[in-house]
Asks: 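The structure that follows is given in the form of structure tokens.
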Amino acid sequence: MNKFYITTAIDYVNAKPHVGHAAEKVQADVLARYHREVLGEDTYFLSGSDENSLKNVQGAKKAGKTVEDFVAENVGYFQDLKKQLNLSYDYFIRTTEPRHFAGAQKMWKLMDEAGDLYKKEYKGFYCVGCEEFKMEKDLVEGKCPEHNCEPEVVEEENYFFRLSRYQDKLKKLIESDAIQILPSFRKKEMLSFIDQGLEDFSVSRSRKRAENWGVPVPGDEEQIMYVWVDALSNYITALDYATEGDLYKKYWLENENRVHVIGKGILRFHCIYWPAMLLSAGLPVPTKVFSHEYLTIDNKKISKTLGNVIEPQEIVDKFGMDGARYLLLASLPYRSDGDISWEKMTEKYNADLANGLGNLVSRIVKLSENLDITYTDQELLEALIKNNEAEIKHSLDEFDIERALVLLMLRVREANKFIEENKPWELAKNDAAKFAEVMKKLNLDLAAIARLLVPFLPDAANKIKKVLADKEAIILFQRIK
RNA sequence: CGCGGGAUGGAGCAGUCUGGCAGCUCGCGUGGCUCAUAACCACGAGGUCGCAGGUUCAAAUCCUGCUCCCGCAACCA
């Protein structure tokens with residue numbers, strides 16, 4: 001049996017999740033369900049939280065809580081997304097778990113043994129007010145914009161990873177699609193980044209600066225792992241890499257599909273840093289990295305200060321679980337950022353789900369009320385083919401979820417058109433045979449559409465199947481003002 | 001000359017690789033229908049396809065130059 005391992009990014013839990021986080025999880029969920037429920041593959045789907053960041057320590061301080069409590073509380077909000085949006089992930093990894101520490105340290109040791117870790121002076125601008133290092137680009141006229149003070153130049157010894165050593169190997173892996181990067185223009189971007197020359201990067205911080213929070217560097221009491229080795233290794237530590245458990249063997253070692261779904265902002269770390277670290281440790285690299293674009297709200301970046309945050313739960317409250325899934329998926333184009341607003345969402349929900357799919361279900365169920373419709377599996381397979389099954393699958397193989405949904409909605413329109421052209425309500429009165437024939441086709445089409453909807457709108461798909469059998473009219477998606 | 005993406009009717013997008021009547025959804029107007037969630041279907045108005053050149057029988061599509069917008073630009077998820 002084919003196997004499929006898919007992960008989402010692990011999120012910082014220094015605040016509640018917003019729609020952008022939610023959209024990524026739903027996208028990954030569609031792909032996971034497609035492989036698990038449609039293709040019937042042995043699928044493992046992972047999500048999780050990145051808890052070892054200094055940002056969490058700072059967030060906790062602000063909130064007047066212990067880091068443990070602060071992080072646990074926010075993790076709860078992220079885990080709530082599972083129920084809210086019907087996510088089907090198999091496990092939610094927290095990077096504060098002991099087995100994650102053990103796995104990250106194990107990987108560190110292998111990289112060290114490979115001779116890829118070395119100590120070097122790290123020089124940076126440290127703002128005492130922010131208690132963190134600032135990038136030069138973040139400084140305004142050489143000063144920290146938040147505190148309006150000149151940062152200290154601090155030098156500190158850190159461990160560095162020899163990324164430079166893997167430049168050629170990475171280029172080959174990406175060029176040949178051994179690591180396939182989607183959409184394709186992102187592959188181009190990564191290749192041209194490699195061509196500019198890869199430099200080593202720092203992978204640790206002093207224990208003091210890390211505020212004693214995070215994964216300790218093996219064999220060096222004074223250093224804590226910085227984000228890369230720690231966070232990225234979650235994709236294998238969650239599979240019990242530390243003990244080389246069954247999950248790890250099954251889904252990482254003996255599997256051809258190791259897929260990461262991430263946002264474009266962290267593309268480089270997944271396509272370059274992470275594979276290089278795996279190469280160093282002698283472990284298999286990911287086979288696919290899908291980079292989604294970002295959601296904006298009212299054409300602005302999602303930002304607390306702008307006050308334009310929409311919580312996932314709010315969308316669920318208004319449009320229902322599958323309604324929210326649909327809107328998040330359909331609002332995020334494959335190749336560019338997508339914008340949402342209450343107005344746009346309401347419009348799309350009404351057009352596609354209430355007036356489109358939902359109304360179609362009502363029409364067909366009512367018209368079929370007094371008919372006894374049966375069909376064979378073979379007939380259903382033929383209906384699937386006629387309803388763009390191949391094209392929809394092809395879109396999903398390319399991770400183009402938006403296009404798959406467009407194709408599905410096209411089928412809904414076709415069915416509505418077919419009803420109009422054949423006027424079954426008239427046939428019911430004067431041509432019983434033709435009426436039965438027309439309604440059988442419509443039932444088959446709707447059954448096919450329901451089957452194709454499974455990865456996207458699992459609940460609605462089930463309800464359609466049920467209602468076709470029971471013939472009890474339902475309002476699948478209530479029209480919203 | 002840092003890298004990548006984008007500019008197509010009121011809005012959102014496809015089409016560009018492989019040149020050939022400019023297409024889809026929403027919104028708007030008119031008509032039709034009544035099985036349905038005032039839903040559905042048809043027709044229509046609306047675009048010199050960012051700008052300027054070039055190649056070609058033919059350019060949104062290929063070539064050259066330019067303008068504007070967005071993301072990334074390295075240890076920042």
Side-chain angles (χ1 to χ4, degrees), chain A residues 9-12 21 50 53 55 120 122 124 132-138 158 160-161 163 183-205 226-228 231-232 262-270 272-274 291 293-294 296 299 301 330-331 333-341 343-344 346-348 350-369 402-403 405-407 409-410 412-413 415-429 435 438-439 442 473-480:
Chain A
I10 54 173
D11 297 305
Y12 269 165
H21 296 112
D50 180 2
S53 158
K55 283 194 178 150
K120 192 175 94 173
Y122 172 78
E132 67 178 9
F133 277 83
K134 293 285 174 188
M135 299 293 89
E136 267 192 271
K137 60 157 183 162
D138 292 329
N158 292 147
F160 276 70
F161 173 73
L163 180 64
S184 55
F185 69 85
R186 294 294 176 198
K187 170 182 173 181
K188 228 160 65 177
E189 193 177 321
M190 285 304 103
L191 284 173
S192 83
F193 175 70
I194 292 174
D195 285 339
Q196 288 168 47
L198 298 179
E199 284 173 25
D200 299 348
F201 60 91
S202 119
V203 286
S204 75
R205 292 289 184 260
Y226 184 57
V227 60
W228 316 121
L232 289 162
I262 52 157
K264 61 181 176 182
I266 53 177
L267 186 68
R268 177 171 309 160
F269 312 118
H270 285 77
I272 313 252
Y273 288 22
W274 172 230
S291 161
E293 303 294 297
Y294 287 152
T296 57
N299 287 312
K301 258 190 177 175
S331 300
Y334 187 58
R335 296 169 190 78
S336 61
D337 287 351
D339 186 60
I340 60 168
S341 65
E343 203 186 344
K344 279 182 189 166
T346 305
E347 196 176 285
K348 193 147 190 64
N350 281 333
D352 292 353
L353 295 183
N355 300 348
L357 180 61
N359 186 45
L360 179 69
V361 171
S362 297
R363 304 178 82 175
I364 293 178
V365 168
K366 187 72 202 299
L367 284 163
S368 309
E369 224 169 22
E402 186 205 12
R403 180 170 164 73
L405 284 178
V406 168
L407 289 167
M409 284 305 142
L410 220 60
V412 171
R413 273 182 210 103
N416 267 322
K417 198 182 208 174
F418 182 80
I419 295 181
E420 219 63 39
E421 281 164 358
N422 288 279
K423 305 191 195 312
W425 55 92
E426 280 180 12
L427 295 176
K429 292 177 210 153
F435 177 56
V438 163
M439 289 319 298
L442 283 167
I474 53 160
I475 300 289
L476 193 56
F477 294 102
Q478 180 67 54
R479 202 180 151 79
I480 285 169

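Here is the naming used below: chain letters follow the sequence lines, and residue numbers restart at 1 for every chain.
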Asks: Considering only B/U34, B/A74, B/A77, which nucleotide approaches the side chain of A/Trp228 most closely?
Replies: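 For A/Trp228, the side-chain atoms sit closest to B/A77.
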
Asks: Let me know which of A/Trp274, A/Phe161, A/Trp228 forms a ring pair (Phe, Tyr, Trp, His ring centres under 6.0 Å) with A/Phe269.
Replies: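 Between A/Phe269 and the candidates, ring pair (Phe, Tyr, Trp, His ring centres under 6.0 Å) is satisfied uniquely by A/Trp228.
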
Asks: Distance check, rounded to the nearest 0.5 Å: A/Ile364 atom CD1 versus A/Asn359 atom CG?
Replies: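 CG of A/Asn359 is found 10.0 Å from CD1 of A/Ile364.
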
Asks: Are A/Asn416 and A/Arg363 linked by a side-chain donor-acceptor pair shorter than 3.5 Å?
Replies: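 There is such a pair between these side chains.
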
Asks: Report yes if the ring of A/Trp425 lies under 5.5 Å from the six-membered base ring of B/C35 with planes under 30°, and no otherwise.
Replies: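 Yes, the aromatic ring of A/Trp425 stacks with the base.
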
Asks: Tell me the interatomic distance from A/Ile262, atom CD1, to B/C72, atom C1', rounded to whole angstroms.
Replies: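 Rounding to the nearest Å, CD1 of A/Ile262 and C1' of B/C72 are 13 Å apart.
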
Asks: In whole angstrom, give the distance that lies between atom CD of A/Glu402 and atom P of B/C13.
Replies: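 Computing the A/Glu402:CD to B/C13:P distance gives 9 Å.
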
Asks: Can you tell me how far P in B/C26 sits from the matching atom in B/A42, rounded to whole Å?
Replies: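 It works out to 11 Å between them.
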
Asks: In whole Å, what separates the C1' atom of B/G46 from that of B/G65?
Replies: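 About 32 Å, rounded to a whole number of Å.
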
Asks: Base, sugar-phosphate, or nothing for A/Val227, non-hydrogen atoms under 4.0 angstrom?
Replies: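 The residue A/Val227 makes base contact.
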
Asks: Measure from CD1 on A/Ile480 to P on B/A39 and round the result to the nearest Å.
Replies: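 One finds 14 Å between P of B/A39 and CD1 of A/Ile480, rounded.
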
Asks: Yes or no on side-chain contact (heavy atoms from CB on, under 4.5 Å) for A/Met409 and A/Leu353, after CA distance, side-chain angles and deciding distance?
Replies: CA-CA 9 Å; A/Met409 284 305 142; A/Leu353 295 183; 4.2 Å; yes

Asks: Could you tell me whether A/Gly265 contacts a base, only the sugar-phosphate backbone, or nothing, with contacts defined as non-hydrogen atoms closer than 4.0 Å?
Replies: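 Answer is nothing: A/Gly265 stays at 4.0 Å or more from every strand.
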
Asks: State which residues pass salt bridge (Lys or Arg N to Asp or Glu O under 4.0 Å) with A/Arg413; sequence neighbours excluded, sorted by chain then number.
Replies: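 Result, salt bridge (Lys or Arg N to Asp or Glu O under 4.0 Å) vs A/Arg413: A/Asp352.
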
Asks: Run the salt bridge (Lys or Arg N to Asp or Glu O under 4.0 Å) test against A/Lys120 and tell me which residues pass, sequence neighbours left out.
Replies: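 Partners of A/Lys120 under the salt bridge (Lys or Arg N to Asp or Glu O under 4.0 Å) test: none.
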
Asks: Sort me out a list of protein N/O and nucleotides 25-29 of chain B N/O pairs below 3.5 Å, or just none if empty.
Replies:
residue, atom, partner, partner atom, Å
B/C26, O2', A/Glu347, OE1, 3.4
B/C26, O2', A/Glu347, OE2, 2.3

Asks: Show me the side-chain donor-acceptor pairs of residues 188-203 of chain A shorter than 3.5 Å, one per line, residues at least two apart or across chains.
Replies:
residue, atom, partner, partner atom, Å
A/Glu189, OE1, A/Arg186, NH1, 2.7
A/Ser192, OG, A/Glu189, O, 3.2
A/Asp195, OD1, A/Lys171, NZ, 3.1
A/Gln196, NE2, A/Ser192, O, 3.3
A/Asp200, OD1, A/Leu163, N, 3.1
A/Asp200, OD1, A/Ser164, N, 3.1
A/Asp200, OD1, A/Ser164, OG, 2.8
A/Asp200, OD2, A/Tyr118, OH, 2.6
A/Ser202, OG, A/Arg205, NH1, 2.8

Asks: Taking side chain as C-beta onward, heavy atoms only, is A/Val227 less than 4.5 Å from A/Ser53?
Replies: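 Of all side-chain heavy-atom pairs linking A/Ser53 with A/Val227, none is under 4.5 Å.
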
Asks: Would you tabulate the nitrogen or oxygen pairs shorter than 3.5 Å linking the protein to nucleotides 3-6 of chain B?
Replies:
residue, atom, partner, partner atom, Å
B/C3, O4', A/Gln196, NE2, 3.3
B/C3, O3', A/Ser192, OG, 3.4
B/C3, O2', A/Ser192, OG, 2.3
B/G5, OP1, A/Lys188, NZ, 2.9

Asks: Which whole number of Å gives the distance between the C1' atom of B/A52 and that of B/G71?
Replies: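 Result for the C1' pair: 28 Å, nearest Å.
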
Asks: Nearest-Å distance, CD (A/Glu343) to C1' (B/G10)?
Replies: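 In whole Å, B/G10 C1' lies 13 Å from A/Glu343 CD.
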
Asks: Would you mind reading off the distance between A/Phe418 atom CZ and B/A36 atom P, rounded to a whole angstrom?
Replies: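 Checked: the CZ to P distance equals 19 Å.
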
Asks: Going by heavy atoms in the side chains, are A/Ile419 and A/Leu360 under 4.5 Å from each other?
Replies: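 Sidechains of A/Leu360 and A/Ile419: in contact.
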
Asks: From the options B/A36, B/U34, B/A77, select the nucleotide whose nearest atom is closest to the side chain of A/Glu426.
Replies: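 Comparing B/A36, B/U34, B/A77 against the side chain of A/Glu426, the answer is B/U34.
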
Asks: Enter the distance from A/Tyr334:OH to A/Glu293:CD here, rounded to the nearest 0.5 Å.
Replies: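 Rounded to the nearest 0.5 Å, the OH-CD separation comes out at 10.0 Å.
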
Asks: Whole angstrom is fine here: how far is it from NZ in A/Lys344 over to P in B/C13?
Replies: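 These atoms are roughly 7 Å apart.
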
Asks: Taking for each residue the nucleotide of RNA chain B bearing the nearest heavy atom, is the 5' side occupied by A/Val361 or by A/Phe269?
Replies: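 Nearest-nucleotide comparison on RNA chain B picks A/Val361.
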
Asks: What is the separation between atom CD1 on A/Ile419 and atom C1' on B/A36, rounded to the nearest whole Å?
Replies: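 To the nearest whole Å, that distance equals 8 Å.
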
Asks: Set out, in order, the CA-CA distance, both residues' side-chain angles and the distance that settles side-chain contact (heavy atoms from CB on, under 4.5 Å) for A/Ile474 and A/Val365, then state yes or no.
Replies: CA-CA 9 Å; A/Ile474 53 160; A/Val365 168; over 6 Å; no

Asks: Using 0.5 Å steps for rounding, measure from the CD atom of A/Glu402 to the CG atom of A/Leu407.
Replies: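 Atom-to-atom, A/Glu402:CD and A/Leu407:CG are 10.5 Å apart.
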
Asks: Calculate, to the nearest 0.5 Å, the distance between atoms CZ and OG belonging to A/Arg268 and A/Ser291 respectively.
Replies: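 That separation rounds to 12.0 Å.
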
Asks: For nucleotides B/G50 and B/A7, find the distance between their C1' atoms and express it as a whole number of Å.
Replies: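 One C1' to the other, the span is 5 Å.
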
Asks: Applying a 4.0 Å non-hydrogen cut-off, can you work out what A/Leu476 is touching in the nucleic acid: base, sugar-phosphate, or nothing?
Replies: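 Base contact.
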
Asks: Expressed in whole Å, how much space separates the C1' atoms belonging to B/G27 and B/G12?
Replies: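 The answer is 11 Å between these two C1' atoms.
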
Asks: When rounded to the nearest Å, what value does the distance between C1' atoms of B/G44 and B/A58 take?
Replies: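 Approximately 29 Å lies between the C1' atom of B/G44 and that of B/A58.
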
Asks: Tell me what A/Phe477 touches on the nucleic acid: a base, only sugar-phosphate, or nothing, going by heavy atoms under 4.0 Å.
Replies: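 Base, at least one base atom sits under 4.0 Å.
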
Asks: Pick the nucleotide of RNA chain B nearest each of A/Phe160 and A/Asn350; which residue has the one closer to the 5' end?
Replies: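 With A/Phe160 and A/Asn350 compared, the 5'-side residue is A/Asn350.
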
Asks: Suppose you measure atom C1' in B/A77 against the same atom in B/U37; what distance do you get, rounded to whole Å?
Replies: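 Straight-line distance between the two C1' atoms is 43 Å.
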
Asks: Nearest whole Å is fine: how far is B/C40 P from A/Lys366 NZ?
Replies: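 It is 18 Å, rounded to the nearest whole Å.
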
Asks: Using the P atoms only, state how far B/U55 lies from B/U64, rounded to an integer number of Å.
Replies: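 Rounded to whole Å, the distance is 15 Å.
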
Asks: When you get a sec, tell me which of B/U37, B/A36, B/C41 is the closest nucleotide to the side chain of A/Ala354?
Replies: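 The closest nucleotide is B/U37.
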
Asks: Please classify the nucleic acid contact of A/Leu198 as base, sugar-phosphate, or nothing, using heavy-atom distances under 4.0 Å.
Replies: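 Base contact.
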
Asks: Considering only side-chain heavy atoms of A/Lys55, which listed nucleotide, B/A77, B/C35, B/C75, is closest?
Replies: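 Comparing B/A77, B/C35, B/C75 against the side chain of A/Lys55, the answer is B/A77.
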
Asks: Closer than 4.0 Å, any side-chain N/O of A/Lys264 to the OP1 or OP2 of B/G71?
Replies: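 It does not, given that no N or O in the side chain of A/Lys264 lies less than 4.0 Å from OP1 or OP2 of B/G71.
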
Asks: Any stems for RNA chain B, made of 3 or more Watson-Crick or G-U pairs in a row, each with both distances under 3.5 Å?
Replies: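 Only these stems qualify: B:2-7 with B:67-72, B:10-13 with B:23-26, B:28-32 with B:40-44, B:50-54 with B:62-66.
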
Asks: Counting distance only, does the side-chain N/O of A/Asp50 pair as donor-acceptor with the main-chain N or O of A/Ile10 below 3.5 Å?
Replies: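 Not at all, since once roles are kept as given, no pair shorter than 3.5 Å links the two residues.
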
